[in-house]
Amino acid sequence: MPSFASLPGLASSDSFACSDLAAMLGHPALILGWAKWLPAWITPLWVLSIGLLLGAIAVVVVYGILSVLSLVPPLGQLADKPRRGITASLIVGGVIAVGLCATYIPIAGEYSNTLFLPLICIGLVLGFGVIYGMWHRTRSEWAAMVGEGVIPYLLSTMAVFAVIGLGGTPFVENPRSILDSVAAVNLVGDGTERVVVTVPASPELPVGESPFVPANIDYQLRSVTGLTIESDRTVLLGDSADPAGFGRTPQRVNEGEKLVYSYENRDQPPIPSDPTRLHIQNREIDDATVVFTFNNQPMVPQASSIVVIAFTFFLTITSLIVFRQAAPRVWALALSTAKNEMAQPLYLLLLAIGLFGVLLFGIYPFNTLGDDIRLLKDSGVTLIMVLGMVQAVWSAGTSVSEEIEGRTALTVLSKPVSRRSFILGKYAGIMLSVLVLFVILSAVLTVVISYKPIYDARETASGDTVWQTGHDEIMTTLPVLGLYLMETMAIGAIAVALATRLPLLANFITCFVVYVIGNLTSPLVASARDNNELVGFVGKLIAVVIPNLNIFNVQAAVDTGNQIPAIYLAGAFNYLVCFSIAIWMLAMLLFEDRDLA
């Protein structure tokens, strides 16, 4: 029987269609259109991918060094005894936490106290990571850790995202300047540096013949975004000790006046790019004090997100390693719970709904006259949060309530697993499944947000967009996702606690009521300012019993596109930790005397 391709009419029409399609794809206008919008879309993704890549490199390097140290018997066997390993981890973590607090608390400003708990937690995680990273068992179990539980899903999602971003390297706008700016990111402080130089006078020489003396200061002019020069005497700034070797006209700084340089204004720098060439002439009979105030920032400010993403990735992987090695029983229960919940049809359904919704929001015309990107972000993060909460409450009902009612929990507790470990393991497993859901949907939302400004500009014919627009929209969305993940963790903690006593339907209704009232607590308390004492009293009474979930709601920041400061994230984290501890104690009270037989 002849094939369809062998038929003359079909073969000719097929070849004609292919040639026509090839000609259309190769049309100069289409190629020019791709060349305009593709860099603006791919560059933000490339920046985040570089952060993930650096984070992965940091994990390999740090834990590679710790694996080598594990070959030293005293270090590699330090965690063989749990009590000894935990004690050593607390000591190392305490030292790191003290160093972090001493570094960042003094420069944090008015609400610096909110940073204590997050910095202590980071220090403890790093301390446990050092001790258990040097453990000989960790060295021999790396393959198992990378291939078990939720870690493969997290690593695969990040790897796919990184491959997409790095695959677009040929289309990235000026990647060398972005990479060079990473080294200029200020890890401590705001980059302000004040340097004082004393220039001796030469009263025996006529005015104008005083020597140009070297300033002997160090700076990187390409990282200087602002510079202020002040002097109590009139001085000249030159680029050589010999006036005959001047490559530029000396810059005069009069007594009591400020010389201000700004990179944004494209001003001519008053000092040479080579700091060894900076020389100062004192034109008066008294010694001069010249004050240089440098504002050092990366020339591409968006490069700071690379450092943030890299550290977040490193801290996440370290937390999972520490959890697995330091609490193996709880981890085993959490791992089993997470794998079981992720294999449920509901989980796949929620994931499919999230993917469809996020992609739909990217192309849906909201008709808001320029605010489509805001509604995309609002709708996307809200959808992800709602799906995460549904997964958390449903999992609490199926993995806690049904196991207790079905006597499965009795079998688990017959092993060397305490009721405390059972509750913690179940909660951790549920949150790990929710974390995977958040990561996958957030990665897709990030890609959509990066393209949305370009899509709107093409639909409205408003001109080309720059990649910084998409990057800024992404970086204002990621903290919101972090806050909504915290809110989901709070609702999940309530669901697990109630699941020890309530069935699934009652748990759903109760968590829904708590969510609604919890987001109204702050408005009710604030209404007391309008002299409505009764409503204010009811609000304060509810706030004692119901968590204030409004602290995780940053709708105003999403609407205005403002960046959420780190100090606010720290305050929300403090509230989550305190609330989770209180709920965990309540869960233990409810579960301690529960008859499982």
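Values in this document were obtained by computation on a predicted structure and should not be read as measured data.
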Pick from L437, L435, V439, L576: which one makes a side-chain contact (heavy atoms from CB on, under 4.5 Å) with L485?
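Exactly one pass, corresponding to L435.
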
Quick one: side chain to side chain donor-acceptor pair (under 3.5 Å) partners of Q251, sequence neighbours excluded?
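Not a single residue meets the side chain to side chain donor-acceptor pair (under 3.5 Å) criterion with Q251.
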
Does the side chain of [X] pick up a donor-acceptor pair with the side chain of [Y] at under 3.5 Å?
X	Y	result
H471	S305	yes
Y63	T318	yes
T276	D274	yes
T476	Q563	no

Which residues share a salt bridge (charged side-chain N to carboxylate O under 4.0 Å, His left out) with E257, sequence neighbours left out:
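Testing E257 for salt bridge (charged side-chain N to carboxylate O under 4.0 Å, His left out), a comparison that skips the adjacent residues, returns none.
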
How long is the straight-line distance from [atom2] of [Y] back to [atom1] of [X], given to the nearest 0.5 Å?
X	Y	atom1	atom2	answer
M486	L483	CE	CG	5.5 Å
D378	I373	CG	CD1	11.5 Å
E110	I567	CD	CD1	9.5 Å
M299	N174	CE	CG	11.5 Å
M489	M431	CE	CE	6.5 Å
M145	I317	CE	CD1	10.5 Å

Which heavy atom in [X] sits nearest to a heavy atom in [Y], and how many Å separate them?
X	Y	value
I131	S89	CB-OG, 3.3 Å
T114	A570	O-CB, 3.6 Å
F361	K452	O-NZ, 3.9 Å
L383	V358	CD2-N, 4.2 Å
D218	P275	OD1-CG, 3.8 Å
T43	E173	OG1-N, 3.4 Å

Would you mind reporting whether [Y] and [X] have side-chain heavy atoms less than 4.5 Å apart?
X	Y	result
R252	T234	yes
W467	I178	yes
I384	S442	yes
E284	N282	yes
Y104	S112	no
L236	R283	yes
L259	T228	no
V253	V290	no

Using a 3.5 Å distance criterion without hydrogens, assess whether the side chain of [X] forms a donor-acceptor pair with backbone atoms of [Y].
X	Y	value
D239	R277	no
Q281	S210	yes
S319	L315	yes
T289	D232	no
S304	P301	yes

Trace of the side-chain contact (heavy atoms from CB on, under 4.5 Å) decision for R324 with L320
CA-CA 6 Å; R324 182 188 190 276; L320 294 175; over 6 Å; no

Under 6.0 Å between ring centres: does that hold for F171 and W41?
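No - the distance between ring centres of F171 and W41 does not fall below the 6.0 Å cut-off.
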
May I ask you to check whether F573 and Y568 place their ring centres under 6.0 Å from each other?
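Not close enough - the centres of the two rings lie 6.0 Å or further apart.
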
Report the C-alpha separation of F116 and C101 in whole Å, then their side-chain angles, then the decisive distance to 0.1 Å, and conclude whether the side-chain contact (heavy atoms from CB on, under 4.5 Å) test is met.
CA-CA 7 Å; F116 276 108; C101 292; 4.0 Å; yes

Yes or no on side chain to side chain donor-acceptor pair (under 3.5 Å) for D180 and S177, after CA distance, side-chain angles and deciding distance?
CA-CA 5 Å; D180 291 341; S177 63; over 6 Å; no

Under the criterion side-chain contact (heavy atoms from CB on, under 4.5 Å), I'd like the reasoning laid out for I105 against L100: C-alpha separation, chi angles, the key distance, then a yes or no.
CA-CA 8 Å; I105 296 298; L100 292 175; over 6 Å; no

With a 4.0 Å cut-off on N to O distance, would you call K377 and E473 a salt bridge?
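Yes.
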
Y111 atom OH: more than 12 heavy-atom contacts under 6.0 Å
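No - once you tally the heavy atoms of other residues, nucleotides and ligands closer than 6.0 Å, there are 12 at most.
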
More than 12 heavy atoms of other residues, nucleotides or ligands under 6.0 Å from CZ of R139: yes or no?
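Counting other residues, nucleotides and ligands, CZ of R139 exceeds 12 neighbours.
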
For L445 and T477: C-alpha separation, side-chain torsions, deciding distance, then whether side-chain contact (heavy atoms from CB on, under 4.5 Å) applies.
CA-CA 9 Å; L445 179 62; T477 305; 4.3 Å; yes

Mind checking what makes ring-ring contact (aromatic ring centres under 6.0 Å, His included) contact with F313, not counting sequence neighbours?
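None.
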
Run the ring-ring contact (aromatic ring centres under 6.0 Å, His included) test against F292 and tell me which residues pass, sequence neighbours left out.
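Partners of F292 by the ring-ring contact (aromatic ring centres under 6.0 Å, His included) criterion come out as none, since no residue qualifies.
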
Q297: side-chain contact (heavy atoms from CB on, under 4.5 Å) partners, not counting sequence neighbours:
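With neighbours one apart ignored, the set is N186, T225, N295.
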
Audit row: S70, W135, side chain to side chain donor-acceptor pair (under 3.5 Å) steps and yes/no:
CA-CA 6 Å; S70 67; W135 196 17; over 6 Å; no

Return all side-chain donor-acceptor pairs below 3.5 angstrom for residues 149-167, not counting sequence neighbours, or 'none' if the list is empty.
from	atom 1	to	atom 2	distance (Å)
S156	OG	P152	O	2.6
T157	OG1	Y153	O	2.8

